[in-house]
Number of protein chains: 2
Amino acid sequence: MEYKLDEVDLTILRMMQENARINNSEIARELGMAPSAVLERVKKLEQKEVLLAYHAKVNPNAIDQKMLSFIFIKVDEIIGDEETGKLLAEIPEVLEVHDIAGDDGYMIKVRTSDSLALVSLMRNSLSRIQGVISTRTIIVLQTVKEDNKLIIPEKLN
Amino acid sequence: MEYKLDEVDLTILRMMQENARINNSEIARELGMAPSAVLERVKKLEQKEVLLAYHAKVNPNAIDQKMLSFIFIKVDEIIGDEETGKLLAEIPEVLEVHDIAGDDGYMIKVRTSDSLALVSLMRNSLSRIQGVISTRTIIVLQTVKEDNKLIIPEKLN
DNA sequence: CGTGAAAACGATCATGC
DNA sequence: GCATGATCGTTTTCACG
């Protein structure tokens with residue numbers, strides 16, 4: 001698929017990535033355009049799936065999700081990779097599912113309240129998924145950065 | 001720090017995590033409250049750092065960031081862990097920096113345009129950071145899920 | 001903490017270029 | 001693809017309970 005983004009689009013993306021609740025009018029002022037034109041651009045960016053979602057970032061500690069871990073999951077490939085990934089993605093504590101190179105199969109990012117909840121998740125959800133052979137867990141002690149803001153270039157192509 | 005969130009707060013968080021661009025008025029309608037009350041709640045949630053940010057999720061492929069990888073970084077602890085993490089966080093391609101248990105030191109999440117850019121980042125940025133002893137890179141072939149939406153409970157405590 | 005009202009502002013749409 | 005201008009809804013502030 002082709003996206004063909006110009007500098008105006010990239011500025012919109014940059015501003016909305018920084019603050020998704022910004023006004024179209026404020027973007028318009030920054031760009032020296034009419035608000036209606038910005039609205040039109042934003043809608044097209046959503047339609048083209050360049051803008052995928054607008055998420056509020058909630059403090060995990062505030063809602064008692066103090067534990068973060070990454071789990072490497074080895075999968076029996078005969079049973080089918082695709083399906084396993086989807087099943088992993090359905091677990092609400094699982095925030096990310098990545099298909100990784102090498103023999104590990106998947107790496108997932110998991111948030112739980114504590115280590116007990118993590119163990120329970122591994123026993124009750126993970127190990128019951130078809131094709132899961134083994135797991136290796138990485139415990140996060142502290143997160144220094146986690147904003148997932150991409151580098152929006154000045155210009156494309 | 002104490003947060004003391006009631007059911008109204010949790011509903012606001014749930015709605016804003018799902019769609020950060022939602023109206024205060026619409027949240028107010030859902031809750032059966034006045035819009036001004038919702039505004040007050042939201043501002044307090046921001047002030048208490050329960051709501052940390054509002055990010056638009058941009059499609060990485062649309063801006064030519066097709067490669068995703070995770071890198072484990074072993075650090076010489078004598079030189080000081082804290083400082084190394086901050087230096088890693090300053091690299092724009094580095095989206096996340098996690099201090100992990102065990103002898104690895106850090107795990108970082110990195111987006112680049114391709115493998116060449118990844119190698120260049122490792123040579124020019126990573127290996128020049130004080131205390132970095134060795135790295136191990138995990139290449140992501142495909143991402144099945146990546147929304148980082150937390151589980152907002154019905155009730156807390 | 002919440003309501004309700006008033007004023008200011010933004011979103012949205014039709015129209016024309 | 002953008003600007004204009006009208007309409008309508010939303011945001012924001014504030015006095016009050």
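Here is how names work: the chains are called A, B, and so on, in the same order as the sequence lines, proteins then strands, and each is numbered from 1.
- Relative to the side chain of Leu39(A), the nucleotides dG2(C), dT12(C), dT13(D) differ in distance, and dT12(C) lies closest.
- Minimum atom distance to the side chain of Ser36(B) is reached by dC14(D), of the listed dC14(D), dG2(C), dT12(C).
- Rounded to a whole Å, the CZ atom of Arg41(A) is 14 Å from the C1' atom of dA3(D).
- For the pair Met33(A) CE and dC2(D) P, the interatomic distance rounds to 4 Å; values are reported in whole Å.
- A donor atom on one side chain and an acceptor atom on the other are not found under 3.5 Å apart for Tyr54(B) and Gln17(B).
- Separating the CD atom of Glu26(A) from the C1' atom of dA11(C) is a distance of 15 Å, rounded to the nearest angstrom.
- At least one side-chain nitrogen or oxygen of Lys44(A) sits closer than 4.0 Å to the OP1 or OP2 atom of dG1(D).
- Side-chain proximity of Ser25(B) to dT13(D), dT4(D), dT11(D): nearest is dT11(D).
- Backbone-only engagement by Ala37(A) is indicated by non-hydrogen atom pairs under 4.0 Å involving sugar-phosphate atoms exclusively.
- Between Arg29(B) and dT10(D) there is a side-chain N or O to OP1 or OP2 distance below 4.0 Å.
- Each of dA3(D), dG1(D), dT11(D) was ranked by its minimum atom distance to the side chain of Asn23(B); first place goes to dT11(D).
- Rounded to whole Å, atom P of dC1(C) lies 15 Å from atom CG of Leu31(B).
- Residue Lys43(B) has its side chain nearest to dT13(D) when only dA3(D), dA11(C), dT13(D) are considered.
- Note: NZ (Lys48(B)) to C1' (dC1(C)) measures 12 Å, nearest angstrom.
- If you measure from atom CG of Leu45(B) to atom P of dC1(C), you get 10 Å, rounded to the nearest angstrom.
- A salt bridge does not link Glu46(B) with Lys57(A): none of the charged nitrogens is closer than 4.0 Å to a carboxylate oxygen.
- Here dC9(C) presents its P atom at 17 Å from CD1 of Ile22(A), a figure rounded to the nearest Å.
- Computed from coordinates, the Asn24(B) CG to dC9(C) P distance equals 18 Å when rounded to whole Å.
- Salt-bridge check for Arg111(B) with Asp64(B): failed, with every basic side-chain N at 4.0 Å or more from each acidic carboxylate O.
- Heavy-atom minimum distance, Leu5(A) versus Ala62(B): CD1-O, 3.6 Å.
- For the residue pair Asn148(A) / Lys109(B), a side-chain donor-acceptor distance below 3.5 Å is found, with atom types taken as modelled.
- Listed candidates were dC2(D), dT11(D), dG2(C). Nearest to the side chain of Pro35(B) is dT11(D).
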